[in-house]
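Heads up, the thing below is written out as structure tokens.
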Protein chains: 2
Amino acid sequence: MSTTDEDRQAAELTFNVLAKRCSSRPVLEHMTGKWGTLVIIGLREGPARFNELRRRVDGVSEKMLSQTLHSLERDGLVERIVHSAIPPRVEYRMTPLGVRVTDKLAALAEELEASMPEIIEAQSRYDAEQRA
Amino acid sequence: MSTTDEDRQAAELTFNVLAKRCSSRPVLEHMTGKWGTLVIIGLREGPARFNELRRRVDGVSEKMLSQTLHSLERDGLVERIVHSAIPPRVEYRMTPLGVRVTDKLAALAEELEASMPEIIEAQSRYDAEQRA
DNA sequence: CAGTATCCGAGAGGATACTG
DNA sequence: CAGTATCCTCTCGGATACTG
């Protein structure tokens, strides 16, 4: 049995995102934007409250964290749970959809981390050539 | 047999990228930037020349395509092959490293495309709640 | 064809202050 | 704690023109 049909179908799906007016493109940009990726990976560590998450993601400002979370919530990847109380207590967690989609993003980050030695070498080579 | 050790190691790697000064973060940003992702997916269709690739990725300007390709080339994900001739002929293709890393990115795009119905529904729900 | 150079506007994103 | 609001800067990125 060949997986040709499966592969072709996957390729078609992937290719679709290249189209400017494809509806998935904004979502992709939310996830892969500067903070989207990092917030997602931070949340995959487990549910977190606002400032807790802020500490996880090194360097994110309140504004950007808030904004990013709203986008991800709107896309249905993240769930916001408010416990009415004083002091306020809000928890963010991945939805099942979020887990499914962001597993792929985490896989990317892992592969990337594992490849860093090779990447750093490539960068050195490139920089040396440019200098010459 | 448990995969616990493997899993924990993977989680550590992923977590690393959350640190501001982690060396993999810039690379991740190149790949996941607005055009990085799309150029990569475009190139995964097969090697391409500059303007050919520009046509594949709907909406990218010459400037951004050029810039993105340089970043990816520096990171060792993309190879630039110059055939000295007139008219100039330059081909871009994924390196083996690039294929390995970007397979993960393509998997993300596929999962995302497949999840679009669910995402669109979530967005509608969110927008309705905001209005109320 | 395969780019680089320059200009310019819009929006990303940081710092700070404030609110419930 | 969990944000929103405001201001301000700086980069991203598009349009255009030019080069080998």
Side-chain angles (χ1 to χ4, degrees), chain A residues 18-21 25-40 42-43 46-75 78-93 126 129-130, chain B residues 18 20-21 25-40 42-43 47-74 78-93 126 129-131:
Chain A
L18 292 175
K20 203 175 186 176
R21 306 227 150 277
R25 199 140 135 180
V27 183
L28 186 66
E29 280 171 23
H30 294 157
M31 296 188 60
T32 64
K34 177 166 188 185
W35 297 115
T37 311
L38 297 165
V39 167
I40 282 168
L43 263 187
R49 300 174 61 179
F50 189 84
N51 282 299
E52 195 181 342
L53 187 56
R54 190 152 129 71
R55 260 169 267 124
R56 274 190 207 168
V57 182
D58 192 10
V60 67
S61 67
E62 290 184 355
K63 180 185 169 183
M64 282 303 108
L65 179 55
S66 175
Q67 207 171 99
T68 305
L69 283 170
H70 278 309
S71 294
L72 296 176
E73 189 193 352
R74 190 177 109 91
D75 295 338
V78 165
E79 193 179 2
R80 184 172 179 273
I81 301 165
V82 184
H83 305 268
S84 298
I86 293 173
R89 179 181 177 83
V90 181
E91 267 203 357
Y92 293 91
R93 57 166 65 240
Y126 181 91
E129 276 172 30
Q130 296 307 305
Chain B
L18 293 175
K20 203 174 186 176
R21 305 227 150 278
R25 200 142 133 178
V27 183
L28 185 65
E29 279 170 23
H30 294 156
M31 295 186 61
T32 65
K34 178 167 187 184
W35 297 115
T37 310
L38 297 164
V39 167
I40 282 168
L43 263 187
R49 302 174 59 177
F50 188 85
N51 282 300
E52 195 181 344
L53 186 56
R54 189 152 130 71
R55 262 170 267 124
R56 275 190 206 169
V57 181
D58 192 11
V60 68
S61 67
E62 289 185 354
K63 179 186 170 182
M64 284 302 108
L65 180 55
S66 175
Q67 207 169 99
T68 305
L69 284 170
H70 279 307
S71 295
L72 295 176
E73 188 192 353
R74 191 177 106 93
V78 164
E79 194 179 3
R80 183 171 180 275
I81 301 164
V82 184
H83 306 267
S84 298
I86 294 175
R89 181 183 176 82
V90 182
E91 265 202 357
Y92 293 90
R93 58 167 65 237
Y126 182 91
E129 276 172 30
Q130 295 306 306
R131 184 170 307 280

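First the proteins, then the strands, lettered A, B, ... as listed; each starts at 1. Because the structure is a prediction, the values reported are computed rather than measured.
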*Partner set under salt bridge (charged side-chain N to carboxylate O under 4.0 Å, His left out) for A:Arg49, not counting sequence neighbours*: none
*If every non-hydrogen atom of A:Trp35 is compared with every non-hydrogen atom of A:Asp58, which pair is closest and at what distance?*
CZ3-O, 4.3 Å
*Distance in angstrom units between A:Leu65 CG and D:dT4 P, rounded*: 10 Å
*Chi angles and distances behind the side chain to side chain contact (heavy atoms under 4.5 Å, CB included) call for A:Leu43, A:Val78*: CA-CA 9 Å; A:Leu43 263 187; A:Val78 165; 3.7 Å; yes
*asked:* Counting only side-chain heavy atoms from C-beta out, which of C:dG14, C:dC1, D:dG14 sits nearest to A:Trp35?
replied: C:dG14
*What integer distance in Å separates A:Ile86:CD1 from D:dC1:C1'?*
11 Å
*Mind checking side chain to side chain contact (heavy atoms under 4.5 Å, CB included) for A:Pro47 and listing every partner two or more places apart, or none if nothing turns up?*
A:Glu91, A:Arg93
*A:Arg54: partners by salt bridge (charged side-chain N to carboxylate O under 4.0 Å, His left out), with sequence neighbours left out*: none
*Round to the nearest Å and state the distance from B:Gln67 atom CD to D:dA15 atom C1'.*
15 Å
*If you round to the nearest 0.5 Å, how far is CZ of A:Arg25 from CG of A:Leu18?*
7.5 Å
*For B:Glu62, all residues meeting salt bridge (charged side-chain N to carboxylate O under 4.0 Å, His left out), sequence neighbours excluded*: none
_D:dA2 phosphate, OP1 or OP2, under 4.0 Å from A:Arg80 side-chain N/O_ = no
*First locate atom CZ of A:Arg89, then atom CZ of A:Phe50, and finally report the distance between them rounded to the nearest 0.5 Å.*
15.0 Å
_Side-chain N or O of B:Tyr92 closer than 4.0 Å to phosphate OP1/OP2 of C:dC1_ = no
*asked:* Closer than 3.5 angstrom, by distance alone: can the side chain of B:Thr37 be matched with the main-chain N or O of B:Met31 as a donor-acceptor pair?
replied: yes
*Of the nucleotides C:dG14, D:dG3, D:dG13, which one has an atom closest to the side chain of A:Val90?*
D:dG3
*Integer-rounded Å distance: C:dG3 C1' and B:His83 NE2*: 16 Å
*Ignoring the backbone of B:Met64, work out which of C:dG14, D:dC1, D:dG13 is nearest its side chain.*
D:dG13
*Could you write nucleotides 15-20 of chain C as a row of B, S and -, 5' to 3', where a protein heavy atom under 4.0 Å of any base atom gives B, of only sugar-phosphate atoms gives S, and otherwise -?*
B-B--B
*Applying side chain to side chain donor-acceptor pair (under 3.5 Å), name anything that partners B:Arg80, two or more places apart in sequence or on another chain.*
B:Tyr92
*Has B:Ser66 got a side-chain N or O lying under 4.0 Å from the OP1 or OP2 atom of C:dA2?*
no
*Tell me whether the OP1 or OP2 atom of C:dT4 has a side-chain N or O from B:His70 closer than 4.0 Å.*
yes
*Can you tell me how far P of D:dG13 sits from NZ of A:Lys20, to the nearest Å?*
13 Å
Return a table of donor-acceptor pairs under 3.5 angstrom between the side chains of residues 67-74 of chain A and protein atoms on other chains or two or more places apart.
{"from": "A:Thr68", "atom 1": "OG1", "to": "A:Met64", "atom 2": "O", "distance (Å)": "2.6"}
{"from": "A:His70", "atom 1": "ND1", "to": "B:Tyr126", "atom 2": "OH", "distance (Å)": "3.4"}
{"from": "A:Ser71", "atom 1": "OG", "to": "A:Gln67", "atom 2": "O", "distance (Å)": "3.4"}
{"from": "A:Arg74", "atom 1": "NH1", "to": "B:Asp127", "atom 2": "OD1", "distance (Å)": "2.8"}
{"from": "A:Arg74", "atom 1": "NH1", "to": "B:Asp127", "atom 2": "OD2", "distance (Å)": "2.5"}

*asked:* What I'd like to find out is whether the side chain of B:Val60 reaches to under 4.5 Å of the side chain of B:Leu38, using heavy atoms alone.
replied: no
*Take the protein atom CD of A:Glu73 and the nucleotide atom C1' of D:dA2, then report the distance between them rounded to whole Å.*
14 Å
*In whole angstrom, give the distance that lies between atom NE2 of A:His30 and atom P of C:dG13.*
11 Å
*Check each residue of residues 48-60 of chain A for a non-hydrogen atom within less than 4.0 Å of any atom in DNA chain D, then write out the ones that pass by number, or none.*
A:Arg49, A:Phe50, A:Asn51
*What stems involve DNA chain C, if each pair must be Watson-Crick or G-U and both of its distances must be under 3.5 Å, with 3 or more such pairs in a row?*
C:1-20 with D:1-20
